[in-house]
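Structure, as C-alpha cells:
To find a chain, count down the sequence lines: A is the first, B the second, and so on, and within it residues start at 1.
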There are 2 protein chains.
Amino acid sequence: MRTALADSPTRKRLLDAAEKLMLSQGFAATSVEEICDAAKLTKGSFFHYFESKDELGKAVLERYCADRRKGQETLLGTNPDPLSRIYTYLDTMAKSATDPSMSKGCLLGMFSQELCELNPEIQACCEQGFAGWTKRFAQELAAAKAKHAPRKDFRPQELAEHLIAVVQGSLILGKAQKDMRILAKGLRHYKAYVRSVFGK
Amino acid sequence: MRTALADSPTRKRLLDAAEKLMLSQGFAATSVEEICDAAKLTKGSFFHYFESKDELGKAVLERYCADRRKGQETLLGTNPDPLSRIYTYLDTMAKSATDPSMSKGCLLGMFSQELCELNPEIQACCEQGFAGWTKRFAQELAAAKAKHAPRKDFRPQELAEHLIAVVQGSLILGKAQKDMRILAKGLRHYKAYVRSVFGK
DNA sequence: AAAGTCATACCAAATGGTATGTGAATGAGA
DNA sequence: TCTCATTCACATACCATTTGGTATGACTTT
C-alpha cells in the first residue's frame, strides 16, 4: 500500500518542502501546515502520504543521506590517484560552499542536534548517515596512505571523521555569522592538515 | 523592576532546568511546562521571572556564553608561554570531553542551528558568543605567533575559528554516535595541525 | 508594639491559539 | 463503477500566556 505512494511526485513535493524548511528552522519548529503551504497541498494530503510528522522526518533524512552519498561519488571525481581525488574533493566542496545547495546547512547535523536524544530511530539514521560518509572518505584516505607513504602515521577512519566535524562545525559557525565562506576556510585548513600528514 | 529578579535562586533554578533540557532537545522541543516540572515550579512562577519563552531563551544563552568565557580563562591556565597555554588548553578540553559538563553538547551550537534564521536577536547573540570565544583564542595564537616564528604563516583569527568548528562539529558527531570521545580525537587532530604550523 | 498597607514570590486554573491528526465528501482516471 | 488522490471541516491535544488569586515579610502608621 505504502510502496505505491513511495515515488509519487506529490510525495516528492512534500519531501522537498519539508527538507528546505527543516534545513533552516529544524524539525520541531517546522509545522506540517507550513510544509503543506509550501508544497501547495492540504494537510489531508500530507497524512495520505505520511502517517505522522515523525515518519516524514525519517523519510526526509533518509532521502537526504542517499542524495548526499550520490553527490559524494560525483564530487570525488575520477582521478586515478587517490590523494589527488581527496584534494579535488576538498577543493570542489570548498568552491560550492557559498552556493545554495550547501549554504543552508546540513540536515544530518540539524537532526543530530535536535532529535538524537529524543528519537532513537532518527539517532540510528544519523549515525548511519555519518558512518556512510566517513567510511567512503576513509577508504580514499586509506588508498592514499597505501600509495604515498605519508610523513606521519594516521588512522583513515579518524581523519575522515575529522573532516565531517570540520564541515558540520563550519556550517554552524556560518549560520551564526550569516556567512558560509567559513566553510571554505575550514576545508582549506583541513586540506593543509592532510597535506602536513602526507608531506605533499 | 526586572533587575531585582535577575539573581534570584528561583530564577537560577529555571535557567538551570531550561539549559539542561534545551542542551539535549533544543529550544523548540522544550516546553515551558517541562522546564517548570524539572525546576519543581509552576508556570505562574515561570512568567513571573520571564515575560516569554523567547526571553528565557535569550537569558539562558547569555548566561551560557558568560559561563563559557569564564571557563575559558581558567582553561587557558597561567603558563607564561602562549604556545604552551594553547597546548594545555586543548589537552584539558580533550580530557574533559566525556565528563557531563561538556558531553551534552554546546548550547551555542544548538541555538545557532535552530534559531539563527528564525530569531535575529538570538542570531546576534550566537554570533557574538562565538566571536568572543574565537577572539580570545586568536589572541593566544597571535601571541604564540609573535614569540615563536611559525614554520608556516597563518591568520590567528581564522585558526581560532577553525578550532570552534572542530569542537562544534565533533559535538554533533558525538551526539549522533552517542559517544563524546570523538571530541577528544578532534582536539588531538587540531593540536597536531597547530603543531604542524608552528613546527613544534 | 500592634494594626494596617504593600510589594513580592509563588501557585492553580482558565484562555486562546496553534499543532497534529481524522474522516467524510469530492473528483478524476481506469 | 472502483480506486485512489485530494480537499475540507473538524476533533483533540498541547502549549504559551493570562488571570486572579494566597502567603510572606518588610515597612508604615498609630
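- A salt bridge between B:Lys178 and A:Glu127 is absent, with no side-chain N of the basic residue lying under 4.0 Å from a carboxylate O of the acidic one.
- Here the C1' atom of nucleotide C:dC11 and the NZ atom of B:Lys40 are 17 Å apart, to the nearest Å.
- Within the 4.0 Å cut-off from OP1 or OP2 of C:dC10, not a single side-chain nitrogen or oxygen of B:Ser45 is found.
- Contact annotation: B:Tyr49 side-chain N/O to C:dT8 OP1/OP2 distance is not under 4.0 Å.
- Between the CZ atom of A:Arg11 and the C1' atom of D:dT6 there is a distance of 17 Å, given to the nearest Å.
- Checking the phosphate oxygens (OP1, OP2) of C:dA9, no side-chain nitrogen or oxygen of B:Thr10 falls inside 4.0 Å.
- Salt bridge B:Lys12/B:Asp7: absent, no basic N to carboxylate O contact under 4.0 Å.
- Under a 4.0 Å N-O distance rule, the pair B:Lys58/B:Asp54 does not qualify as a salt bridge.
- In summary, A:Glu140 and A:Arg136 engage in a salt bridge, as defined by a charged side-chain N under 4.0 Å from a carboxylate O.
- An OP1 or OP2 oxygen of D:dT6 is reached within less than 4.0 angstrom by no side-chain nitrogen or oxygen of A:His48.
- Here B:Glu158 pairs with A:Arg188 in a salt bridge; the nearest charged N to carboxylate O distance falls below 4.0 Å.
- Using a 4.0 Å cut-off between charged side-chain N and carboxylate O, A:Arg63 and A:Asp16 make a salt bridge.
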Item to check | nucleotides 20-30 of chain C: protein proximity per nucleotide (B base, S sugar-phosphate only, - neither; heavy atom, under 4.0 Å) | outcome: BBB--------

